[in-house]
Amino acid sequence: MKVEGKVWRYVDTDVIIPARYLNTFDPKELAKHCMEDIDKNFSSEVKAGDIMVGGKNFGCGSSREHAPVAIKASGVPVVIAAGFARIFYRNGINIGLPLLEIGDDVEKIHAGDILEIDTAAGTIKNKTTGDTFKSQPLPDFVQDIAKTGGLINYIKEYGDFKN
């Protein structure tokens with residue numbers, strides 16, 4: 001998958017979706033409240049294709065699928081971070097949201113930068129600065145999960161994991 005978009009940069013990812021909205025699983029409703037406790041403008045200003053970038057342990061404190069669903073429903077096709085909280089990472093894969101880890105290189109990406117990403121190759125080009133970063137490419141089956149819109153759709157389409 002190849003994407004290009006503007007960066008939204010966050011450090012505090014404990015509040016991706018505030019707990020008061022966890023009584024719904026409607027993606028559109030969750031998107032309206034994504035990041036609202038730390039950035040009131042995110043949901044009204046984010047554009048489809050924009051990219052979320054975070055630091056270490058991205059998604060910690062967000063153990064429910066609501067957090068990656070809110071991000072994906074906001075139009076964000078991929079999240080880049082130094083590293084991800086384990087449960088958030090698995091939930092991201094399950095709902096078809098590609099997640100790329102680039103360690104400390106994440107500090108070279110700033111809000112408003114334009115990135116060009118190839119998840120299959122694991123390459124991230126910062127078109128604003130000219131820097132290029134390398135992530136572990138997503139395995140083919142994870143890319144297929146993302147292409148089908150999540151693990152449930154993947155299983156419906158393929159019936160089981162492809163070998």
Side-chain angles (χ1 to χ4, degrees), residues 1-102 106 109 111 115 117-120 122 124 135-162:
M1 175 175 81
K2 294 181 181 181
V3 296
E4 181 176 316
K6 180 181 94 170
V7 169
W8 292 82
R9 176 74 197 231
Y10 296 104
V11 175
D12 182 1
T13 57
D14 285 347
V15 291
I16 293 169
I17 188 69
R20 62 189 172 275
Y21 302 111
L22 295 179
N23 60 348
T24 183
F25 202 72
D26 176 15
K28 290 180 184 176
E29 187 64 24
L30 291 171
K32 289 182 198 174
H33 303 290
C34 187
M35 306 308 263
E36 80 176 19
D37 283 353
I38 59 172
D39 186 348
K40 298 262 185 234
N41 298 320
F42 177 76
S43 67
S44 62
E45 294 181 9
V46 67
K47 305 283 185 255
D50 285 353
I51 298 156
M52 192 172 286
V53 175
K56 295 177 182 170
N57 208 23
F58 185 96
C60 69
S62 299
S63 62
R64 295 179 178 97
E65 285 187 349
H66 294 71
V69 166
I71 293 169
K72 184 178 176 185
S74 296
V76 173
V78 63
V79 179
I80 299 168
F84 292 93
R86 187 163 175 77
I87 294 172
F88 181 89
Y89 188 83
R90 188 64 219 178
N91 286 337
I93 290 171
N94 287 347
I95 62 120
L97 178 65
L99 306 170
L100 299 176
E101 295 183 344
I102 62 169
V106 78
I109 301 173
L115 301 182
I117 301 166
D118 184 338
T119 60
I124 302 159
S135 168
Q136 187 73 5
L138 295 178
D140 289 342
F141 80 94
V142 173
Q143 291 184 63
D144 289 342
I145 290 170
K147 286 177 198 169
T148 58
L151 186 58
I152 292 171
N153 291 339
Y154 178 89
I155 291 171
K156 285 179 184 175
E157 184 168 328
Y158 295 109
D160 200 349
F161 287 101
K162 296 188 292 185

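From a predicted model like this one, the values you see are computed outputs, not experimental measurements.
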Legend entry - Shortest non-hydrogen separation from Ile145 to Ile93 and the atoms involved: CG2-O, 3.1 Å

Legend entry - Pairwise side-chain contact, Phe58 with Leu99, heavy-atom cut-off 4.5 Å (strictly under): no

Inset, instruction - Might you point out which heavy atoms bring Phe88 and Ala67 nearest each other, and give the distance in Å? - result: CE1-CB, 3.9 Å

Inset, instruction - Rounded to the nearest 0.5 Å, what's the gap from CG on Asp118 to CD on Glu4? Could you check? - result: 12.5 Å

Legend entry - From Asp39 atom CG to Trp8 atom CH2, the distance as rounded to the nearest 0.5 Å: 5.5 Å

Legend entry - Leu22, CG atom: more than 12 neighbouring heavy atoms under 6.0 Å: yes

Legend entry - Flag side-chain contact, heavy atom, 4.5 Å: Met52 against Phe42: yes

Legend entry - Gln143 (side chain) donor-acceptor with Leu138 (main chain) under 3.5 angstrom: yes

Legend entry - Distance (rounded to the nearest 0.5 Å) between Ile51 CD1 and Ile71 CD1: 13.0 Å

Inset, instruction - Could you pull out the closest heavy-atom pair between Val106 and Gly55, with the gap in Å? - result: CG1-CA, 4.4 Å

Legend entry - Nearest-0.5 Å distance, CE of residue Met35 to CG of residue Asn41: 13.0 Å

Legend entry - Nearest-0.5 Å distance that lies between atom NE2 in His66 and atom CD1 in Ile16: 13.0 Å

Inset, instruction - Measure the CG-OH distance between Asn94 and Tyr89 for me, rounded to the nearest 0.5 Å. - result: 11.5 Å

Inset, instruction - For the pair Tyr21 and Glu36, evaluate side-chain hydrogen bond (donor to acceptor under 3.5 Å, both in side chains) and give the outcome as yes or no after the intermediate values. - result: CA-CA 11 Å; Tyr21 302 111; Glu36 80 176 19; 2.7 Å; yes

Inset, instruction - Find out whether His33 and Ile17 are in side-chain contact, i.e. whether some heavy atom of one side chain is under 4.5 Å from a heavy atom of the other. - result: yes

Legend entry - Pair Asp37 + Arg20: basic N to acidic O under 4.0 Å: yes

Inset, instruction - Check whether more than 12 heavy atoms from other residues, nucleotides or ligands sit under 6.0 Å from atom CG of Asp140, and answer yes or no. - result: no

Legend entry - Shortest non-hydrogen separation from Ser135 to Ile102 and the atoms involved: CB-CG2, 3.8 Å

Legend entry - Donor-acceptor contact below 3.5 Å, side chain Asn153 vs main chain Gly150: no

Legend entry - Donor-acceptor pair, side chain of Glu101 and main chain of Gln136, under 3.5 angstrom: no

Legend entry - side chain to side chain contact (heavy atoms under 4.5 Å, CB included) between Thr24 and Leu30, intermediate numbers included: CA-CA 7 Å; Thr24 183; Leu30 291 171; 4.0 Å; yes

Inset, instruction - Determine whether Leu151 and Arg90 make a side-chain contact, defined as any pair of heavy atoms from C-beta on separated by less than 4.5 Å. - result: yes

Inset, instruction - Answer yes or no: is there a side-chain heavy-atom contact under 4.5 Å between Leu115 and Ile80? - result: yes

Inset, instruction - Considering non-hydrogen atoms only, spot the tightest contact between Asp144 and Tyr154 and give its length. - result: CB-CE1, 3.5 Å

Legend entry - Distance-minimising heavy-atom pair for Pro98 and Thr119: CB-CG2, 4.2 Å

